[in-house]
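Here is the structure we will look at, set down as structure tokens.
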Amino acid sequence: MRLLADLHTHTIASGHAFSTVTELAVAASAKGVELIAVTDHGPSVPQGAHPWYFWNFKVVPSVLNGVRILKGCEANPSLTEDNGIDLPDLILEKLDFVAVGFHPMTGFDERDRTKNTEVLLKVMANPLVDMISHPGNEDEFPVELDAVVEAAVRNNVILELNDHSFAPTSARSGSATREREFAEAAFSAGAPIAIGSDAHYALHVGRFDVAVAVAEELGITEADLVNRDAATVLAHVQAKRERPRLDVGGEWEWPGTTGATGAGESSW
Ligand SMILES: [Zn+2]
Ligand SMILES: [Zn+2]
């Protein structure tokens, strides 16, 4: 299977990632990836991006070197905000893609399955939310699998199969079994599924190998994945709601890189 869109990438704005939006897009172009969602961490992650960062995303190209850039976020569930998310709806509604996921030191570290599930169901019922990232983080943030999968179907929310969760170096490596269980349950229930790289460095954009192997073992094919190509992603998000700023950044080539990129030419 070959997947041409990556719905989970981070830039230096996340505080612990090491590339810029431009570097992500140029790397994606060289690799033949048609679309990336830039999903920096929301403000409750230590050194996560400030709300103004997401607000001002309009200055970034919508298409750079032929790569469609969805200006997104990886927000966090919140116990204090009215919408249950650490970014206000006023900002979320302007983003092209809204992912939400649990992360350490954001108020959910006591492993309370009932509390986590309750807040996640509230998040998923928000029509502005597109994807739940790494839902299978059982060791750190346990949730009720059946209730979350059912909510994903009901609210048309993508459940991510996160490639990085399978990496031995990942803080979530202990969650590989549960991440697989989520994919299996989501697939059998007909919930939307996407594989994300969770790249925190440009050369890791579109890196899906382990998650793809897991998906294939479960009988999930390219046709079952929202991120199979840019057209499918765009159709999915636009069917869910209007994206008022989708094209506001225009289409650009980064100076000096034209001709240096060739879709699908690179071997990495
Ligand atoms: Zn991160
Ligand atoms: Zn994450």
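None of these values were measured; they are calculated from a predicted model. First listed ligand is number 1; within each ligand, the first listed atom is number 1.
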Do His16 and Gln47 have a side chain donor and acceptor closer than 3.5 Å?
no

Would you say the side-chain atoms of His10 and His204 include a donor-acceptor pair closer than 3.5 Å?
no

Any N/O/S of His134 under 2.8 Å from the Zn ion (ligand 2)?
yes

Does His103 bring an N, O or S atom to within less than 2.8 Å of the Zn ion (ligand 2)?
yes

Suppose we only allow N, O or S atoms; which atom of His16 ends up nearest to the Zn ion (ligand 1)?
NE2

Atom nearest to the Zn ion (ligand 1) - His41, N, O or S atoms considered:
NE2

Look at Asp198 together with Arg207 and state whether they make a salt bridge at an N to O cut-off of under 4.0 Å.
no

Any ion pair linking Arg113 and Glu138 (charged N to carboxylate O, less than 4.0 Å)?
yes

Distance check below 2.8 Å: does His200 bring an N, O or S atom to the Zn ion (ligand 1)?
yes

Hey, what's the ring geometry for His134 with His103, parallel, tilted or perpendicular (30° and 60° as the breaks)?
perpendicular

Name of the Glu74 atom (N/O/S only) found closest to the Zn ion (ligand 2):
OE2

